[in-house]
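All remarks here apply to the structure that follows.
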Amino acid sequence: METMGMDEIIRLALERGFFFPSAEIYPKTPAGLWDYGHLGVLLKQKYIQAWIREIVRRDEMILVDGSQILPRDVFVASGHLESFADPVSSCLKCRSIHRVDRLIEEVAGVKVPERTPPEQITALIREHNVRCPSCGGELGEVSLFNMMFRLSVGASGDEAYLRPETCQNLFIDFPRIYKISRRKLPVGFAQVGKSFRNEISPRQSLTRLREFYQAEVEVFFNPAKANELEKFERFRDYPLRLYFDEELHITTCGEAVESRIVSSRLAAYYLALIQSFYLKLGIPEEKLRIRRLLEDEKAFYAVEAWDLEVLTSIGWMELVACNNRGDYDLSGHARVSRADMQVFEDGEKFTPHVFELSMGVDRSILALLDLGYRVENGRTVLKLHPALAPYTAAVFPLVDKPELVSKARELYESLRLDMDVFYDESGSIGRRYRRQDEIGTPFCITIDYQTLEDNTATIRDRDSMQQVRLPMHEIPSYLGGKTKL
RNA sequence: GCGGCCGUGGUCUAGCCUGGGUAUGACACGGGCCUGCCACGCCCGGAAUCGCGGGUUCAAAUCCCGCCGGCCGCACCA
């Protein structure tokens, strides 16, 4: 048994249409844009359904679906307009682009403060005679490269941006949704949708995209009560796989909070919730860790930051960012919009703090494919959890004979509106099994001559290749039971 | 963006150095025969303006230039 390399996953994704480069017939299409084909869409939908079941419903969260285009002020308040941009300058001679604040610090030993206007940085370059590190040429005017896509809206061309993270909707919608939800803190708001980032160099297919799906949760809580969480009991003895000081520490939630490794019961609870979600989806325990970010790795808004990472064939891949954002966002929006973002609970008025679980959907799918693809004795098999597999089942007549075909089609017709099933009658039965193995279909139902006599069919399991024989009418409930998470 | 390597049917690839005939092979795919349970066999078929553009030449997948894209490294990365 061996895990296939990432190259093999990409090859199979292209061959079977899980995903492929966008607008591939046009050679000038920018990198970092990918389309999902039928199988990929089914997999993604099921992944999102699992997230809704295991995170949103389990934790009684509130769903939101916000606009992808948001006005400038949102990103003034969020800090993205200033902090999501780097000062860059291109060499007038060799045209290479350099991040100049770091360069000045390196060459001249002068620290350039965050948010220094570009003109002042240009002046610093002239003053300290900073040259291009590649060729020694003169550097041009400094400009800010912002990773947000800028839009101009309507005839007046109002400045707006594609959201670089989905969560801003959850912050700006907070006052209304909080009010109508009739809920007390802590309460999680959840959203799945697209975000957009103008990456300088997107690489490795779905790991770094310019347009990508996030499934985000923002838990709003009273900072004075972060340790008063009744449901914490559920995970008190749950072993977190925490990674810090370059070592894995398997620590129960209770211990992690007592030893102050994790800031609060609330934070530990949500780390446990997200870890248990990925383990349920079938990530092997030893290939999962929750890594504490170093000070200089943390996002500009984070006061505490953990990344859930999974070990794939190309190394540890960050799937979920778990950040304690404090009151950074709500306070920022309150300041810029002058809206009241505070809540009144338990006799006091305060601005809630936020703990977020920001999941990369595309990356998660890539990681699940990477970990699931195997070659076993020459058999290629995609071991996805039955709840995630694009097709739940395939239906075959044993051989291409009219009486078996009509019976098989009858079963297929009875299933196909309620689940994703595939029908195939071409080629040998073995070839059809193997084809389904490759795209992860967990069950193959075969109609044979015995079916005509006693109305039973065989169900073959993808992983064990074993068959069981069941009465036809029991098949839907059998499949339903097997696809539960 | 820089440096190195690379770009040929759906996928992988031969050919490129040492220009020359309807571009090689495998797998995959479609149709047929066969087939009473794991990539069986046989027959037939579709499928590539060789990444894009320009140049050299009687002749370019092959040589030259530019561009685009990919991989790896550097840099960057909420």
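Chain letters run A, B, ... following the sequence lines, proteins first, then strands; residues in each count from 1. These numbers come from the heavy atoms of this one structure, side chains and all, not from hydrogens, waters or symmetry mates.
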Taking for A/E453 and for A/S426 the nucleotide of RNA chain B with the nearest heavy atom, the one nearer the 5' end belongs to A/S426

On a whole-Å scale, what distance lies between the P atoms belonging to B/rU11 and B/rG3?
-> 30 Å

Quick check, are the ring centers of A/F220 and A/F189 under 6.0 angstrom apart?
-> yes

Can a donor-acceptor pair be found between the side chains of A/E425 and A/Y423 at a distance below 3.5 Å?
-> yes

Describe the nucleic acid contact of A/F212 in one word from base, sugar-phosphate, nothing, applying a heavy-atom distance below 4.0 Å.
-> base

Taking 4.0 angstrom as the limit, do A/R325 and A/E165 come out as a salt bridge?
-> yes

If you measure from the C1' atom in B/rU18 to the same atom in B/rA28, how many Å do you get, rounded?
-> 35 Å

Separation of atom CG in A/L12 from atom P in B/rA39, rounded to whole Å = 18 Å

Describe the nucleic acid contact of A/D400 in one word from base, sugar-phosphate, nothing, applying a heavy-atom distance below 4.0 Å.
-> base

Taking atom types as they are modelled, is there a donor-acceptor pair under 3.5 Å from the base of B/rA39 to the side chain of A/R434?
-> yes

Taking CZ from A/F20 and P from B/rU11, how many angstroms apart are they, rounded to a whole number?
-> 11 Å

Checking A/Y47, A/W51, A/Y213 against A/S364 for side chain to side chain donor-acceptor pair (under 3.5 Å), the one that qualifies is A/Y47

Decide yes or no, distance alone: a donor-acceptor N/O pair under 3.5 angstrom between the base of B/rC38 and the side-chain of A/D437.
-> no

Between B/rG9 and B/rA61, how far apart are the C1' atoms? Round to whole Å, please.
-> 14 Å

Select base, sugar-phosphate, or nothing to describe what A/L398 touches, counting heavy atoms under 4.0 Å on all strands.
-> base

Which residue lies more 5' along RNA chain B, comparing A/T446 with A/L14 via nearest heavy atoms | A/L14

Can we say A/R11 and A/E15 salt-bridge, meaning some charged N sits less than 4.0 Å from an Asp/Glu carboxylate O?
-> yes

Watson-Crick or G-U wobble partner for B/rC5, using a 3.5 Å limit on both distances?
-> B/rG70

Can you tell me how far P of B/rG10 sits from CZ of A/F19, to the nearest Å?
-> 18 Å

With the side chain defined as heavy atoms from C-beta on, A/I429 is closest, among B/rC38, B/rC37, B/rG36, to B/rC37

Nucleotide nearest A/R431 when distance is taken to its side chain, options B/rC77, B/rC38, B/rC29 = B/rC29

Taking any strand in view, what nucleotide pairs with B/rC58 in a Watson-Crick or G-U wobble way, both distances under 3.5 Å?
-> B/rG20

CG of A/L33 versus C1' of B/rG69: gap in Å, rounded?
-> 12 Å

Atom NE2 of A/H80 to atom C1' of B/rC77: distance rounded to whole Å?
-> 13 Å

Going by an N to O cut-off under 4.0 Å, is there a salt bridge joining A/D448 and A/K401?
-> no

Counting any heavy atom closer than 4.0 Å, what does A/Y301 reach on the DNA or RNA strands: base, sugar-phosphate only, or nothing?
-> sugar-phosphate

Measure from the side chain of A/E15, starting at C-beta and using heavy atoms only, and say which of B/rC77, B/rC38, B/rU11 lies closest.
-> B/rU11

Mind checking A/R460 for me? I need base, sugar-phosphate or nothing, with any heavy atom below 4.0 Å counting as a touch.
-> base

Using whole Å, report how far CD of A/E425 lies from P of B/rG36.
-> 16 Å

Rounded distance in Å between the C1' positions of B/rU22 and B/rC5 = 34 Å

With no angle test and no hydrogens, is the base of B/rC29 tied to the side chain of A/R435 by a donor-acceptor pair under 3.5 Å?
-> no

Remember a base hit wins even if backbone is also touched, and classify A/T458 as base, sugar-phosphate or nothing at under 4.0 Å, heavy atoms.
-> base

Gap between atoms CG and P, on A/D424 and B/rA28 respectively (whole Å) = 14 Å

